[in-house]
Amino acid sequence: MARDEQGREDAFPRAPSREEWARMSQEERARVVEALPGEVTWDEMAMPEGDLHSQAKMGALQALKGYFSRQRRRVYLGTELPVYYPGERRFAPDLVAVLDAESHPRQKWVVSHEGKGLDWVMEVHVGGDRKKDAEFNVQRYARLGIPEYFIYDRARQRLEAYRLPSPEAREYVPIAATQGRYTSEVLGLELQVQEGRLRFWAGHAMLLEYEEFIDQMETLVAGLQRRVDEEARQLEEAERRLADEARLREELERRLAESQAELERLRRR
């Protein structure tokens, strides 16, 4: 690496190494965590990639949040969150998941402070140089011990997926697709690019994004409203028939009473 580029690398904030962290008191650790920036600079980030990038990222976040919420599982999900591994240059993946972690909002993820690293990472690629996602990050995330790494190339509409073969491994092996789906052992889900969108599957059930879920609920509510309206119409019709029958019964009873009265008069003659 050239000297000027090494200088740029050293200029970016880093979390303390494991050794430095171990020597700190609780008060010192708290001060360090508080001092680490909760944002990254433009020099560290890829150029903005517009709606195609943000929609894919947020759609995946919505689908996963809805799923794990319904499962009542403690899973932290974040987007473009600054992540600090011990002694490493910070980075901010498009989407991260950490199992068995509280889901409260965060400005950053400091591994030493949280007590664990990331379990799952996804990067969304739309345009430009693919080397950062497809080469550099494949090496970096494996070296950091992140169990699974997925790349959603929206421009080409395809997925790439990697997994560490063991907790001790520091080199990824590709995840092969089965009938177009890639299995995430970390999430317990399958991923697939289908009709131009990234989809998550829990068995035979496709996870919906918020707008899709709302549309489905509106369709369900509309169907229920139609049933309520139809049942109300049927009830109204039944009540009308009962009213007609009551009037008919009253008329028959009146005529019967008149007939009995006439018969009584005839008997008295």
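Here Leu207 contributes atom CG and Lys65 contributes atom NZ; the two are 15.0 Å apart, rounded to the nearest 0.5 Å. Atom CD of Gln192 is separated from atom OG1 of Thr183 by 11.0 Å, given to the nearest 0.5 angstrom. Going from atom CG of Leu159 over to atom CZ of Arg181 covers 12.5 Å, rounded to the nearest 0.5 Å. In this structure, Arg130 CZ and Glu123 CD are separated by 12.0 Å, a value rounded to the nearest 0.5 Å. Note that CG of Leu248 is 4.5 Å distant from CG of Leu252, once rounded to the nearest 0.5 Å.
In this model, no donor atom of one side chain and acceptor atom of the other lie less than 3.5 Å apart for Gln62 and Tyr67.
Using a 4.0 Å cut-off between a side-chain N of Lys or Arg and a carboxylate O of Asp or Glu, Arg74 and Glu102 qualify as a salt bridge. The pair Glu251-Arg254 counts as a salt bridge, with a side-chain nitrogen and a carboxylate oxygen less than 4.0 angstrom apart. Taking a cutoff of 4.0 Å between a charged side-chain nitrogen and a carboxylate oxygen, Arg143 and Glu88 qualify as a salt bridge.
In this structure, Arg240 contributes its side chain and Leu235 its backbone to no donor-acceptor pair below 3.5 Å. Distance alone, capped at 3.5 Å, places no donor-acceptor pair between the Asp94 side chain and the Lys57 backbone. Using modelled atom types, one side-chain atom of Arg106 and one backbone atom of His104 make a donor-acceptor pair closer than 3.5 Å. No side-chain donor-acceptor contact under 3.5 Å links Arg158 to the backbone of Ala155. For Gln157 (side chain) and Arg154 (main-chain N/O), a donor-acceptor pair under 3.5 Å exists by modelled atom type. For the pair Arg70 (side chain) and Gly66 (backbone), a donor-acceptor distance under 3.5 Å is present.
Around atom CD of Gln194, more than 12 heavy atoms belonging to other residues, nucleotides or ligands sit under 6.0 Å away.
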Test side chain to side chain contact (heavy atoms under 4.5 Å, CB included) applied to Lys132 and Asn137, step by step: CA-CA 6 Å; Lys132 177 177 179 292; Asn137 281 340; 3.7 Å; yes
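Leu36 belongs to a hydrophobic cluster whose other members, connected by ILVMFWY side-chain contacts under 4.5 Å either directly or through intermediates, are Trp21, Met24, Val32, Val33, Tyr84, Val110.
Qualifying ring pair (Phe, Tyr, Trp, His ring centres under 6.0 Å) partners for Tyr152, counting only residues two or more places apart in sequence or in other chains: none. Scored by the ring pair (Phe, Tyr, Trp, His ring centres under 6.0 Å) test, Tyr76 finds Trp109 as partners (sequence neighbours excluded).
Among Tyr85, Tyr172, Phe91, the single residue meeting the ring-ring contact (aromatic ring centres under 6.0 Å, His included) criterion with Tyr141 is Phe91.
You'll find the ring centres of Tyr149 and Trp120 outside the 6.0 Å limit.
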